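Just follow the structure's listing: the first ligand is 1, and inside any ligand the first atom is 1. Note that this is a predicted model, so its numbers are computed, not measured.
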Amino acid sequence: MSVEVERKFICTDETLKILEKTAVCVGQHEFHDQYFDTASFALTLQDFWLRKRKGSWELKCPVSRGQSKVEALCTRYREITDLAEIQLRVREVIKDHGSTQPRNQKTDEVVDSQTQTVSEEETWLCDMNLKCFAEFTTVRRSFTLKEDGVQVDLDQADFGYNVGEIEVLVSEGRDVQSALEKIEKAAQKLGLTGNQKIPGKMDVFLQRYLPSHYNALMKAHIL
Ligand code: V4E
């Protein structure tokens, strides 16, 4: 299974110049993300991120991380894209969180006054009490640093936040260390000297629009 190792950065004019000189731009595309969780944040409080992007479901699952300085600037998540596997995993995570779902005792349907008719494809969301809590559109410009096998994305979210990310996909296990080294090398090439962890799009979205969710995640040291 593959693990995505990433480091976020703020792309200054200087960084952009270096990127345009040393990397190959492999295109630009736009996508809309919808993120889902229960009302008690059963997924995100355990650092699981369920989203729908371009009609496909994705679940980012946490992978334990080390304590080194390089690692502190990076995130790593295992990504599941098979819907049956996602549903299984999400069910387990919600159960571990001890979420209880109100149900109609006769029909065993989830009781929720806000729930309207849902397509069959999405009855599982209703069944697990999952609701969309955040959605936004991103325009992404992607680059590859060819000698490193590293991808660099420059994201512009429609709520007014721009962020860059250096990303390496590896198979789980020993490759993670080499991914961290590649990311560190790429960061040096791009002239990124700061040691501060840069917030991702979701951090900023939650902080601006959903402060109670943001505070719960900060308190649990998820963000
Ligand atoms: C893992 C995570 C979230 C899910 C989306 O993560 P992110 O990589 O920021 O989004 P995006 O659009 O770049 O996804 P990609 O196209 O690379 O698959 S939302 C919040 N988190 C946790 C998290 C964290 N703990 N710290 C930082 C800096 N970012 C995200």
Side-chain angles (χ1 to χ4, degrees), residues 1-11 26-37 41-67 69-82 86 89-90 93 130 132-144 150-170 176 179-180 182-183 186-187 192 194-211 213-223:
M1 199 167 292
S2 62
V3 171
E4 190 184 80
V5 188
E6 278 184 4
R7 172 173 166 172
K8 304 270 197 274
F9 65 93
I10 297 297
C11 190
V26 290
Q28 175 170 313
H29 68 295
E30 186 175 305
F31 50 87
H32 184 75
D33 288 326
Q34 290 176 297
Y35 285 88
F36 294 80
D37 202 350
F41 319 137
L43 292 179
T44 54
L45 272 178
Q46 294 179 85
D47 208 10
F48 284 80
W49 301 87
L50 174 67
R51 77 177 172 209
K52 197 175 189 184
R53 174 180 289 180
K54 288 185 169 173
S56 299
W57 289 95
E58 301 170 350
L59 180 69
K60 295 208 186 214
C61 311
V63 178
S64 59
R65 43 183 142 151
Q67 302 293 315
K69 262 192 201 166
V70 173
E71 285 181 271
L73 297 173
C74 294
T75 56
R76 54 172 94 164
Y77 288 87
R78 190 184 301 114
E79 195 169 295
I80 306 177
T81 51
D82 176 75
I86 289 175
R89 197 77 185 96
V90 166
V93 175
L130 292 163
C132 174
F133 67 90
E135 59 182 310
F136 46 83
T137 298
T138 300
V139 175
R140 170 171 289 177
R141 233 180 339 148
S142 299
F143 298 81
T144 51
V150 170
Q151 175 155 327
V152 179
D153 293 329
L154 300 184
D155 285 355
Q156 283 184 297
D158 63 355
F159 57 90
Y161 181 61
N162 296 350
V163 67
E165 63 187 34
I166 306 171
E167 179 180 312
V168 177
L169 265 184
V170 293
V176 171
L180 291 167
K182 281 182 181 178
I183 288 176
L192 306 175
N195 276 333
Q196 233 187 328
K197 198 170 169 186
I198 302 300
K201 298 187 289 288
M202 179 58 76
D203 305 51
V204 173
F205 185 95
L206 290 172
Q207 191 171 17
R208 279 191 198 166
Y209 307 114
L210 298 169
H213 193 164
Y214 177 78
N215 289 336
L217 295 178
M218 287 296 281
K219 203 171 155 202
H221 304 289
I222 299 297
L223 294 179

Review point. With atoms numbered from 1 as shown, which atoms in ligand 1 lie under 4.0 angstrom from a non-hydrogen atom of Arg140?
Key: 11 (P), 12 (O), 13 (O), 15 (P), 16 (O), 17 (O)
Check your understanding: Does Glu6 pair with Lys8 as a salt bridge, N-O distance under 4.0 Å?
Key -> yes
**Study point:** Ligand-residue contact atoms, ligand 1 with Lys60, heavy atoms, under 4.0 Å
**Key:** 8 (O), 14 (O), 15 (P), 17 (O), 18 (O)
Exercise for review: Could you tell me whether some N/O pair between Arg53 and ligand 1 is separated by less than 3.5 angstrom?
Suggested key: yes
Check your understanding: Heavy-atom contact under 4.0 Å between Ile222 and ligand 1?
Key -> yes
Review point. Do the side chain of Arg7 and the main chain of Ala186 share a donor and acceptor less than 3.5 angstrom apart?
Key: no
Exercise for review: Examine ligand 1 and decide if any of its atoms is less than 4.0 Å from a heavy atom belonging to Val163.
Suggested key: no
Check your understanding: If only atom types and distance count, is the side chain of Tyr77 paired as donor or acceptor with the main-chain N or O of Trp49 below 3.5 Å?
Key -> no
Check your understanding: What part of Ile198 sits under 4.0 Å from ligand 1 if we count only heavy atoms: the side chain, the backbone, both or neither?
Key -> backbone
Review point. So, for Phe143 and Leu154, which heavy atoms are closest and what is the spacing to 0.1 Å?
Key: CE1-CD1, 3.8 Å
Exercise for review: Pick, from Phe205, Trp49, Phe31, the option with the minimum heavy-atom distance to atom 21 (N) of ligand 1.
Suggested key: Trp49
Exercise for review: Would you mind listing which atoms of ligand 1 come within a distance below 4.0 Å of any non-hydrogen atom of Glu165?
Suggested key: 13 (O), 17 (O)
Exercise for review: Specify side chain, backbone, both or neither for Glu58, according to which of its non-hydrogen atoms lie closer than 4.0 Å to ligand 1.
Suggested key: neither
**Study point:** Closest contact, heavy atoms only, Leu192 versus Ile166
**Key:** CD1-CD1, 3.9 Å
**Study point:** Sub-4.0 Å heavy-atom contact, Glu4 with ligand 1
**Key:** yes
Check your understanding: Going by the order shown, which atoms of ligand 1 are within less than 4.0 Å of some heavy atom of Glu167?
Key -> 17 (O)
Study note, to complete from the structure: Closest to atom 23 (C) of ligand 1 (heavy atoms only, candidates Tyr35, Phe48, Phe136, Tyr77) is Tyr77
Exercise for review: Just jot down the ligand 1 atoms closer than 4.0 angstrom to any heavy atom of Arg51, in number order.
Suggested key: 5 (C), 10 (O), 11 (P), 12 (O), 14 (O), 15 (P), 16 (O), 18 (O)
Check your understanding: Are the side chain of Glu79 and the backbone N or O of Glu4 linked by a donor-acceptor pair below 3.5 Å?
Key -> no
**Study point:** NZ/Lys54: more than 12 non-hydrogen atoms of other groups inside 6.0 Å
**Key:** yes
Point to revise | Atoms in ligand 1 with a heavy atom of Glu6 nearer than 4.0 Å | key: 8 (O), 17 (O)
**Study point:** Any donor-acceptor N/O pair, Asp155 side chain to Thr138 backbone, under 3.5 Å
**Key:** no
Check your understanding: Has the side chain of Asp37 got a donor or acceptor atom that lies under 3.5 Å from a matching backbone atom of Thr44?
Key -> yes
